[in-house]
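One structure is given below, encoded as structure tokens.
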Amino acid sequence: MGPLPGLQTGGLARPRIGIAGISIESSTFSPHVSGDEAFTVRTGSELRAYYPFLTEGRELAEAAEWVPLTHGRSLPGGAVDPETYRRMKTAIVDGIRAHGPFDGFFFDIHGAMSVVGLDDAEGDLATAVREALGPDTLVSTSMDLHGNVSEVLRDAVDLLTCYRMAPHEDWLNTKERAVWNLLARLRGPHGGDPLGRRPLVAWVPVPVLLPGEKTSTRLEPARGIYAELPRIEALPGVVDASVWIGYAWADEPRCQAYVVVTGDDREVIIREAERISRMFWDAREDFVFVAETGSLDEALAKALAPGAARPYLISDSGDNPTAGGAGDVTWTLAQLLDRRDVTDGTITTLVASVFDPDAVSQAVTAGVGATVSLSVGARVDDGPHPPVDITGTVFSLTDGDPDAGTQAVIAVGGLHAIVTERRKPFHRLEDFRMLGLEPTTADIVVVKIGYLEPELYDLAEGWTLALTPGGVDQDLLRLGHYRLRAGVYPFDRSGSPDLTAVVGRRGDTEEVSA
């Protein structure tokens, strides 16, 4: 992105732009249900402040009249409670009707929200938003690359873009790009024409569905595929180019990969969308896990081997809360507690984490230094293992974390089990240090995660991605998908897809062709 284009003949001098959306990644294989308590809802000035590029004095901030309505954001989890979704959807639609009309709309979503009883939650929300806005409002949509772009979503919006990095270090840059694209269209030469401001969209569904841990942009082939996107975006007649990996832990017909190129040059956007789609399909068997994988026992064997590099990181990937896992699966903790070579005090092992408010309350009552016997976890997801019995010393108690609430660390010899009041991902060194734990001097750090976020990636002297059970099991074939479309790899290896772009401009059905 360069400087925002100056106002051109026909463009809007100061367009009026609304902001709203819902963002969550939801596993349909997790028994967890995401209710009102899961969402942080921002409205008005608080919502605008969520986007630093819209702060006073910034170029984008001054280029339009911004009308922030309402946005709900949650940590990944299970499918959303339908009443929770209905309330947020109604608030968005009512806000549009109360504060519209709008020239443009920034629709900030994830793309992998599942709602109990719906197959395409973002498509449902986008349809309601479009109906409330009317046909003339230009809608720009920012998404996670692990989202899905159904036909319904595609046909309700005008501009689509998504992250280009996994891990998502460019999440904020992507939102800014979506806003920049919207303003560039509204201020451009056709900005005053509701039809002319709409770009063409070339959309190709690619029947591949892989976990994010196999498609990290740190490694090929994803790195090379995503490196093509800025080059395509720079071509004359192109607005944006994006690739969605799709969301692997929902069993819905929309779940697969997608390529979308938007712009005004029909030939170029079709050519590039189909080229990238073919690159993705041809590379489908080349995607590999971002780290060496193995069972938990295999990971521990490497971590405990003489001379092993420390700290050694083990990803407890099957219950990763940032992919939609419940966060209270006890399978891995139970295995660790059964191993004397982990609990005998000769090494330090940090285990993050299991949430259980009752267990935390009991630890608080006992106090730091007390010996406690607790039944922990598996209140939400007891499929892999029932609640685990743990007897140890209350090492520390910490209040005030906005995600976790109160946190207790229970020490069993050298094993330090973190139990939280609420679900929380552990991605930063400070997440451990605030509990009195020092990850840089630990021998083993076990964390419910897939690919390591940047601070943990830098921390790890050794790393195994353990293929553990849970709602976001990396072994997709044992999860039991049965509602995907025919031909989706690796569930169906017999396909030879027609990767022809569907191209059109919203509302102009004559442009749509297969």
Side-chain angles (χ1 to χ4, degrees), residues 165-169 211-220 222-223 287-323 325 331-354 395-396 407 409-418 424-468 470 472 474:
M165 297 178 71
H168 306 318
E169 297 171 66
E213 284 68 26
K214 272 193 172 181
T215 51
S216 171
T217 57
R218 287 173 175 158
L219 301 177
E220 297 294 350
R223 181 167 59 188
F287 289 94
V288 295
F289 281 110
V290 70
E292 188 172 355
T293 62
S295 67
L296 180 62
D297 284 343
E298 290 168 338
L300 287 169
K302 293 170 185 172
L304 295 168
R310 307 285 175 83
Y312 199 98
L313 273 285
I314 297 177
S315 292
D316 181 8
S317 64
D319 191 36
N320 174 11
T322 55
W331 187 88
T332 295
L333 179 58
Q335 310 304 308
L336 294 168
L337 288 169
D338 280 345
R339 294 189 57 137
R340 286 290 301 159
D341 52 359
V342 174
T343 62
D344 64 6
T346 58
I347 64 169
T348 298
T349 301
L350 312 183
V351 186
S353 62
V354 173
F395 175 84
S396 69
Q407 302 177 82
V409 178
I410 310 301
V412 182
L415 183 149
H416 295 71
I418 301 170
K424 177 186 175 175
F426 280 69
H427 289 171
R428 301 175 299 117
L429 301 184
E430 180 58 26
D431 293 332
F432 295 90
R433 288 171 175 160
M434 68 186 299
L435 309 180
L437 303 172
E438 181 48 62
T440 60
T441 59
D443 296 289
I444 301 174
V445 179
V446 181
V447 63
K448 291 186 173 184
I449 200 169
Y451 51 64
L452 298 179
E453 295 294 328
E455 287 191 22
L456 297 184
Y457 184 79
D458 292 340
L459 171 72
E461 296 296 333
W463 173 27
T464 296
L465 196 156
L467 301 178
T468 54
V472 289
Q474 295 290 326

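What you are looking at is a predicted structure, and each value in this text was computed from that prediction instead of being measured.
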>> Run the ring-ring contact (aromatic ring centres under 6.0 Å, His included) test against Phe432 and tell me which residues pass, sequence neighbours left out.
In response: Phe426
> Partners of Glu292 by salt bridge (charged side-chain N to carboxylate O under 4.0 Å, His left out), sequence neighbours excluded?
Replying inline: Lys302
> From Leu435 CG over to Gln407 CD, what is the distance, rounded to the nearest 0.5 angstrom?
Replying inline: 4.5 Å
> Hey, does Phe289 have a side-chain heavy atom less than 4.5 Å from the side chain of Leu467?
Replying inline: yes
>> When you compare the side chain of Tyr457 with that of Leu313, does any pair of heavy atoms fall below 4.5 Å?
In response: no
>> Let me confirm one number: the CD1-CD1 distance from Ile418 to Ile410, rounded to the nearest 0.5 Å.
In response: 11.0 Å
> Tell me, which pairs form a salt bridge (charged side-chain N to carboxylate O under 4.0 Å, His left out) where one or both residues lie in residues 431-451, sequence neighbours left out?
Replying inline: Arg310-Asp443, Asp319-Lys448, Lys424-Asp431, Arg428-Asp431, Arg433-Glu438
> Between the side chain of Glu455 and the main-chain N/O of Leu429, is any donor-acceptor distance below 3.5 Å?
Replying inline: yes
> Does Pro439 reach the side chain of Leu459, with side-chain heavy atoms less than 4.5 Å apart?
Replying inline: yes
>> As a quick check of understanding, evaluate side chain to side chain contact (heavy atoms under 4.5 Å, CB included) for Trp463 and Leu452, giving each step before the final call.
In response: CA-CA 9 Å; Trp463 173 27; Leu452 298 179; 3.4 Å; yes
> Between Gln474 and Lys214, is any pair of side-chain heavy atoms under 4.5 Å apart?
Replying inline: no
>> How close do Pro425 and His427 get, counting heavy atoms only, and between which atoms?
In response: CB-NE2, 3.7 Å
> Who pairs with Asp458 by salt bridge (charged side-chain N to carboxylate O under 4.0 Å, His left out), at least two apart in sequence or on another chain?
Replying inline: none
>> Rounded at 0.5 Å granularity, tell me how far OG in Ser353 sits from NE2 in His416.
In response: 15.5 Å
>> Quiz question: by atom type and distance under 3.5 Å, do the side chains of Thr468 and Trp331 form a donor-acceptor pair?
In response: no
> Would Asn320 and Asp316 count as a side chain to side chain contact (heavy atoms under 4.5 Å, CB included) if you check the C-alpha gap in whole Å, the side-chain angles of each, and the deciding distance to 0.1 Å?
Replying inline: CA-CA 7 Å; Asn320 174 11; Asp316 181 8; over 6 Å; no
>> Using modelled atom types and a 3.5 Å cut-off, is there a donor and acceptor pairing between side-chain atoms of Ser216 and backbone atoms of Ala166?
In response: yes
> Ser317 and Tyr451: side-chain donor and acceptor closer than 3.5 Å?
Replying inline: no
>> Applying ring-ring contact (aromatic ring centres under 6.0 Å, His included), can you list everything that pairs with Phe287, at least two apart in sequence or on another chain?
In response: Phe280
> Got Leu415 and Leu336 here, is their nearest side-chain heavy-atom distance under 4.5 Å?
Replying inline: yes
> Okay, side chain of Thr215, backbone of Pro211: is any donor-acceptor separation there less than 3.5 Å?
Replying inline: yes
>> For a side chain to side chain contact (heavy atoms under 4.5 Å, CB included) check, start with the C-alpha distance between Glu298 and Thr464, then their side-chain angles and the critical distance, and finish with the verdict.
In response: CA-CA 9 Å; Glu298 290 168 338; Thr464 296; over 6 Å; no
Give the table of side-chain donor-acceptor pairs shorter than 3.5 Å for residues 339-352, with sequence neighbours excluded, one pair per line with atom names and distance.
residue: Arg339; atom: NE; partner: Asp341; partner atom: OD1; Å: 3.1
residue: Arg339; atom: NH1; partner: Asp297; partner atom: OD1; Å: 3.4
residue: Arg339; atom: NH2; partner: Asp341; partner atom: OD2; Å: 2.9
residue: Thr343; atom: OG1; partner: Arg339; partner atom: O; Å: 3.2
residue: Asp344; atom: OD1; partner: Thr346; partner atom: N; Å: 3.0
residue: Asp344; atom: OD1; partner: Thr346; partner atom: OG1; Å: 2.7

> If we only count heavy atoms from C-beta on, is the Leu337 to Val412 side-chain gap below 4.5 Å?
Replying inline: yes
> side chain to side chain contact (heavy atoms under 4.5 Å, CB included) between Glu213 and Leu465: does it pass, once the steps are laid out?
Replying inline: CA-CA 9 Å; Glu213 284 68 26; Leu465 196 156; 3.7 Å; yes
